[in-house]
Every structure is written in C-alpha cells, then in structure tokens.
Peer 1: 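Next up is a structure, given as structure tokens.
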Amino acid sequence: MRMSKGFALIVSGPSGSGKDTILRTLFEQHPEIRFSISTVTRPRRGDPKEDEKYTFVSRDRFEKMIENGELLEYNEYLENYYGTPKKPIDDAIKNGDVIILEIDVNGAANVRKNMPQIKSVFIMPPSMEVLEDRLSGRGTEAADTVKKRLDQAKAEIARRDEYDYIVVNDVLETAVDELYNIISNQIKNS
Ligand code: ADP
Ligand code: 5GP
C-alpha cells in the first residue's frame, strides 16, 4: 500500500458562514487532521476556545514576524493583522499530515502564489439573511462590527470562483461530510 503524502488545504468563507463550527466538528470526528494556528493582533472575544485557534500578539511583535520571514502569508482584516506561521505548515507536510489553513480570500490568494498546487474550499452561507442572523446571533460583535463584517462578506463571496470547491453550510452535518469527502479524495490521490 502506498503511503499518502502530507498536504495543506485552505478553508475560507465570510465571517459567520460557520467555518469554526464546521472545523470543530470535523476535528472531533477526525482528530488526525491538524489545524494551522494563526497569529493575530485582534482583541480577544473572551471565549477561551479562541486560544485553540489563535496566538494573540502585539502589532510590534507581528511586524517583527513579517520582517523575520516567519509568516507564510498575512493580511490586514478590519484594521487587525492575521497571519499563518510558516514552520508548522512545513513540519505537518513533511510529517505526512493534513493541515487546514482557515484564512481569508486575500491570504488564500497569497498562499496560492507560493504553493500553486494547494486546493481550497469556500464555505458559503445559505443566504445573506441567514448570514446576518448567524453573525448577530453569535453575540460576539457590536452592531457596527456586524455591519462591517457583512460588507466584507459580500466582497469575499464575490471572489468564491477563485476556489476549487464550494460547500454551502445549511445543515451542519452535511457541510462537514462534504468537507471531509474533499479531504478524503485528496488523500486517495496523493
Ligand atoms: P465563522 O467561523 O465562519 O465566523 P461560526 O462558526 O462562528 O462562523 O458560526 C457563526 C454562528 O452561526 C455561530 O453562532 C454558529 O453556532 C452558527 N452556525 C454555524 N453553522 C450553522 C448551521 N449549519 N446551522 C445553524 N447555525 C450555524
Ligand atoms: P475572525 O476575527 O472572525 O476570527 O477572523 C476574521 C477573518 O480572518 C476570517 O475571514 C478568517 O478566516 C481570517 N483569518 C483567520 N486567520 C487568518 C490568517 O492567518 N491569515 C489570513 N489571511 N486570514 C485569517
């Protein structure tokens, strides 16, 4: 039997589309899949689960990481920096693991320049109304931030054709299964 190679997979989608919810469910079902912890300068939302997803640093520290070439990509989103540390991605691929990069559309475009073979998945909300309900319902954002995130969402959705696959997050379990099928097909082909 052939050993499969490690690879990274990009998952993007507008804020509130359900990326976190889908990925958490995926990792519960498939704990062997790894997640790229981003380094960010945005303030914490107060949820301890956020530390599984982000390393929080100052702008100064982030700018040093850029200077030192420690980031595979980074982007400024609503006045905060978000970036992907390079080393854990290289290590995961060398180790034969699957690692998910949950990054925005600009970050995805930057990664594709360096890793043209990388596949990407765009998570779509079933409708803009549902997106707005989920964003406000999450209760983590002030009303003006929800509005900014919705404007940003429209701009991101307009770029969904840059992605290899689109998964609509209507029924959670279906979306998780679709994402896992994409990964599982890539494992078979690698
Ligand atoms: P993102 O990580 O893309 O910003 P979240 O995973 O935080 O989005 O989801 C936004 C909100 O929508 C959360 O309150 C979450 O519980 C809810 N949600 C996510 N997926 C679904 C779904 N399939 N059906 C109903 N609610 C969902
Ligand atoms: P949030 O503030 O909702 O956690 O994330 C805002 C946006 O930043 C989302 O679109 C998310 O996918 C994106 N994001 C998270 N981490 C990274 C990263 O490391 N790089 C880039 N480019 N975007 C990221």
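If you read the sequence from its start, that first residue is 1, and numbering goes on from there. Counting convention: from 1, in listed order, for ligands and their atoms alike.
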Peer 1: Please step through side chain to side chain contact (heavy atoms under 4.5 Å, CB included) for the pair N110 and N75, ending with a clear verdict.
Peer 2: CA-CA 9 Å; N110 287 333; N75 186 44; 5.7 Å; no
Peer 1: At less than 4.0 angstrom from any non-hydrogen atom of D20, what atoms of ligand 1 do you find?
Peer 2: 2 (O), 6 (O)
Peer 1: Should one rank N169, T174, T21, V168 by closest heavy-atom distance to atom 5 (P) of ligand 1, which comes out on top?
Peer 2: T21
Peer 1: Check this for me, if you would: do K87 and E70 make a salt bridge, where the nitrogen-to-carboxylate-oxygen distance has to be below 4.0 angstrom?
Peer 2: no
Peer 1: Quick one: which ligand 2 atoms are inside 4.0 Å of a heavy atom on R45?
Peer 2: 1 (P), 2 (O), 3 (O), 4 (O)
Peer 1: Can you tell me if G16 contacts ligand 1 (heavy atom of the residue under 4.0 Å from the ligand)?
Peer 2: yes
Peer 1: Please work out, at 4.0 Å between heavy atoms, whether the side chain, the backbone, both, or neither of A175 comes within that distance of ligand 1.
Peer 2: neither
Peer 1: Please could you name the atoms of ligand 1 that L172 approaches to less than 4.0 Å, counting only its heavy atoms?
Peer 2: 23 (N)
Peer 1: Does some side-chain heavy atom of I103 sit less than 4.5 Å from a side-chain heavy atom of E73?
Peer 2: yes
Peer 1: Is the ring pair Y74/Y81 parallel, tilted or perpendicular, if the boundaries are 30 and 60 degrees?
Peer 2: perpendicular
Peer 1: Test of understanding: clusters of I, L, V, M, F, W, Y form through side-chain heavy atoms closer than 4.5 Å, transitively. Do V168 and I182 belong to the same one?
Peer 2: no
Peer 1: Hey, mind stepping through Y163 and I10 against side chain to side chain contact (heavy atoms under 4.5 Å, CB included) and telling me if it holds?
Peer 2: CA-CA 9 Å; Y163 286 75; I10 294 172; 4.3 Å; yes
Peer 1: Are L71 and I66 close enough that some pair of their side-chain heavy atoms sits under 4.5 Å apart?
Peer 2: yes
Peer 1: Before signing off on this row, confirm whether R149 and ligand 2 have an N or O atom pair separated by under 3.5 Å.
Peer 2: yes
Peer 1: For a side chain to side chain donor-acceptor pair (under 3.5 Å) with S15, tell me which candidate from R149, E141, K148 qualifies.
Peer 2: R149
Peer 1: Report, in ascending order of atom number, the atoms of ligand 1 lying under 4.0 Å from any heavy atom of P14.
Peer 2: 3 (O)
Peer 1: Of all the non-hydrogen atoms in the protein, which one sits nearest to atom 4 (O) of ligand 2, and at what distance?
Peer 2: Y54 OH, 2.5 Å
Peer 1: Does V130 reach ligand 1, in the sense of a heavy atom lying below 4.0 Å from it?
Peer 2: no
Peer 1: Evaluate the criterion side chain to side chain contact (heavy atoms under 4.5 Å, CB included) for residue pair N169 and R134; output intermediate values, then yes/no.
Peer 2: CA-CA 11 Å; N169 179 22; R134 286 187 188 164; 3.4 Å; yes
Peer 1: As an exercise, identify every atom of ligand 2 less than 4.0 angstrom from a heavy atom of K19.
Peer 2: 12 (O)
Peer 1: Write out the residue and atom name of the closest protein heavy atom to atom 20 (N) of ligand 2, then the distance separating them to 0.1 Å.
Peer 2: E73 OE2, 2.7 Å
Peer 1: State plainly whether one hydrophobic cluster holds both L23 and I33, where clusters connect Ile, Leu, Val, Met, Phe, Trp and Tyr through side-chain heavy atoms under 4.5 angstrom apart.
Peer 2: yes
Peer 1: Hey, is Y77 touching ligand 2 through its side chain, its backbone, both or neither, going by heavy atoms under 4.0 Å?
Peer 2: side chain
Peer 1: Counting each atom of ligand 2 from 1 as listed, which ones have a heavy atom of G107 under 4.0 Å away?
Peer 2: 22 (N)
Peer 1: Side chain, backbone, both or neither: which part of E102 has a heavy atom under 4.0 Å from ligand 2?
Peer 2: both
Peer 1: Measuring only between side-chain heavy atoms, which start at C-beta, is F56 closer than 4.5 Å to D51?
Peer 2: yes
Peer 1: Does only the side chain of R138 get under 4.0 Å from ligand 2, or the backbone, or both, or neither? Count heavy atoms.
Peer 2: neither
Peer 1: Of all the non-hydrogen atoms in the protein, which one sits nearest to atom 19 (O) of ligand 2, and at what distance?
Peer 2: S38 OG, 2.7 Å
Peer 1: So is G139 close enough to ligand 1, meaning a heavy atom under 4.0 angstrom away?
Peer 2: no
Peer 1: Quick one: sort the Y180 and H30 rings into parallel, tilted or perpendicular, breaks at 30° and 60°.
Peer 2: parallel
Peer 1: Does the K188 side chain pair with the main chain of I183, one donor and one acceptor, at a distance under 3.5 Å?
Peer 2: no
Peer 1: Enumerate the atoms of ligand 2 whose separation from the nearest heavy atom of N75 is less than 4.0 angstrom.
Peer 2: 22 (N)
Peer 1: Of the protein's non-hydrogen atoms, which lies at the shortest distance from atom 23 (N) of ligand 2, and what is that distance?
Peer 2: D104 N, 3.1 Å
Peer 1: What I want to check is whether the side chains of Y165 and S120 have a donor and an acceptor closer together than 3.5 Å.
Peer 2: no
Peer 1: At less than 4.0 angstrom from any non-hydrogen atom of R42, what atoms of ligand 2 do you find?
Peer 2: 1 (P), 2 (O), 4 (O)
Peer 1: L172 versus T25: any side-chain heavy-atom pair under 4.5 Å?
Peer 2: yes
Peer 1: Mark the output for G137 as yes if a heavy-atom distance to ligand 1 is under 4.0 Å, and as no if none is.
Peer 2: no
Peer 1: Do any N/O atoms on E102 end up under 3.5 angstrom from N/O atoms on ligand 1?
Peer 2: no
Peer 1: Is the closest side-chain heavy-atom distance between I93 and I89 below 4.5 Å?
Peer 2: yes
Peer 1: If we only count heavy atoms from C-beta on, is the I37 to K53 side-chain gap below 4.5 Å?
Peer 2: no
Peer 1: As an exercise, identify every atom of ligand 2 less than 4.0 angstrom from a heavy atom of K53.
Peer 2: 4 (O)
Peer 1: What do you reckon, is CD of E79 surrounded by more than 12 foreign heavy atoms closer than 6.0 Å?
Peer 2: no
Peer 1: Determine, using heavy atoms of N106 and all atoms of ligand 2, whether some pair is separated by less than 4.0 Å.
Peer 2: no
Peer 1: Between ligand 2 and G83, is the shortest N or O to N or O distance under 3.5 Å?
Peer 2: yes
Peer 1: Name the option, out of E141, R138, E173, R134, that contains the heavy atom nearest to atom 12 (O) of ligand 1.
Peer 2: R134
Peer 1: Is there a nitrogen or oxygen of V171 sitting under 3.5 Å from a nitrogen or oxygen of ligand 1?
Peer 2: no
Peer 1: For atom 8 (O) of ligand 1, grab the closest protein heavy atom and report residue, atom and distance to one decimal in Å.
Peer 2: G18 N, 3.1 Å
Peer 1: Would you call E50 a ligand 2 contact, heavy-atom distance under 4.0 Å?
Peer 2: no
Peer 1: Quick one: look at D170 and ligand 1, take heavy-atom pairs under 4.0 Å, and tell me if it's side chain, backbone, both or neither.
Peer 2: backbone
